[in-house]
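Okay, structure first, notes after.
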Amino acid sequence: MGRLFDFMLPDNKSPLTADSTDGLFHFINEVSLIFLVGITIALIYFAIKYKRKSEDDKTPVITHNNTLEITWSVIPLLIVMVVFGWGYSGWLNLKAVPNDAYEIQATGYKWNWNFNYENGAQTLNELHVPKGRPIKVVMQSRDVLHSFFIPDYRVKHDVVPGRYTYVWFQAEETGESVIFCTEYCGTSHSDMLAKVIVHEPNEFEQWLELNGGGIQGTPVEQGEQLVSLQGCQTCHSIDGSPKIGPTFKGIWEREQQLTDGSTVVVDENYIRESILYPGNKVVAGYQNVMSPYEGRLSDDEITNIIEYLKTIN
Ligand code: CUA
């Protein structure tokens, strides 16, 4: 059923998590509107009624009015207590994940969301979920503070380095919803977008099976999948177009001028060092903004990425 302030909210696609938030949102807005109208009418009425009518029209001295003072203290107190109780129960609901929730791991890092599923499937900036089933997203950050926000489900939580946090929801319709990062996390914070893709349960199972097993193929193919899953292309183009970082096009054996004036030729060791410790040798004209991958990629994975980069001409 439509309510007065519905236009301020996106569609509610996860009633189990959104209803409480929406109800409180409407309550606060409607109470505020009632007070706004009431106070405005009283203001105008009194301004007219007590308008000064002659030179010696004096206001009598009024010290206090107990009834009035108690009324205007107790009514707001009750309203505030209702808001508190409502908000608290909504918060408890968002913290209490249903027992049968399906768990997905999420990692936020500058400036992507990476999702990992039970069978080894991985996605970048796409969260695939089945409809009609509670989903728990367990989140961590690889670098700085991010925040995971799905407006359609009314769930939002900080994603903190060195700590796990979570949100849960249950999507009741198939389709897509936007995921925002809502904590300023650097240059491309506003591009740190992802989407939830809600499937029918049987389609989700098919999708999962198709994408399970993780990264496979020849070293070059594995390297390509790693580059795509790690979100490298957010900052490095493969077609030469300008982005936050140097392009991968023609990177192999390219002579590169560094910020300190020296030059390097891009070889295995330079790529390896630039992945693990990006701040060591920054290419001239670029900022040192990349998160170090030290401890995040194995030697084999780095080798595969190098093999792939060699092929981008
Ligand atoms: Cu991540 Cu803002």
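Ligands are counted one by one from 1 in listed order, and the atoms in each one are counted from 1 as well. As the structure is a computational prediction, the values presented were derived from the model and not from experiment. These numbers come from the heavy atoms of this one structure, side chains and all, not from hydrogens, waters or symmetry mates.
- Donor-acceptor pairing under 3.5 Å is lacking for the side chains of Asn12 and Asp152.
- In this structure, Glu30 pairs ionically with Arg3, as a charged nitrogen and a carboxylate oxygen lie closer than 4.0 Å.
- For Asp239, the side-chain contact (heavy atoms from CB on, under 4.5 Å) test picks out Ser237, Ser241, with sequence neighbours left out.
- Remark: the Asn114 side chain and the Asn116 side chain contain an N/O donor-acceptor pair separated by less than 3.5 Å.
- For a distance threshold of 2.8 Å, the protein N, O or S atoms nearer than that to atom 1 (Cu) of ligand 1, listed by chain and number, are His146 ND1, Cys181 SG, Cys185 SG, Met192 SD.
- The salt bridge (charged side-chain N to carboxylate O under 4.0 Å, His left out) test applied to Glu273 returns Lys281, not counting sequence neighbours.
- Judged as a side chain to side chain donor-acceptor pair (under 3.5 Å), not a single pair has a partner in residues 72-91 (not counting sequence neighbours).
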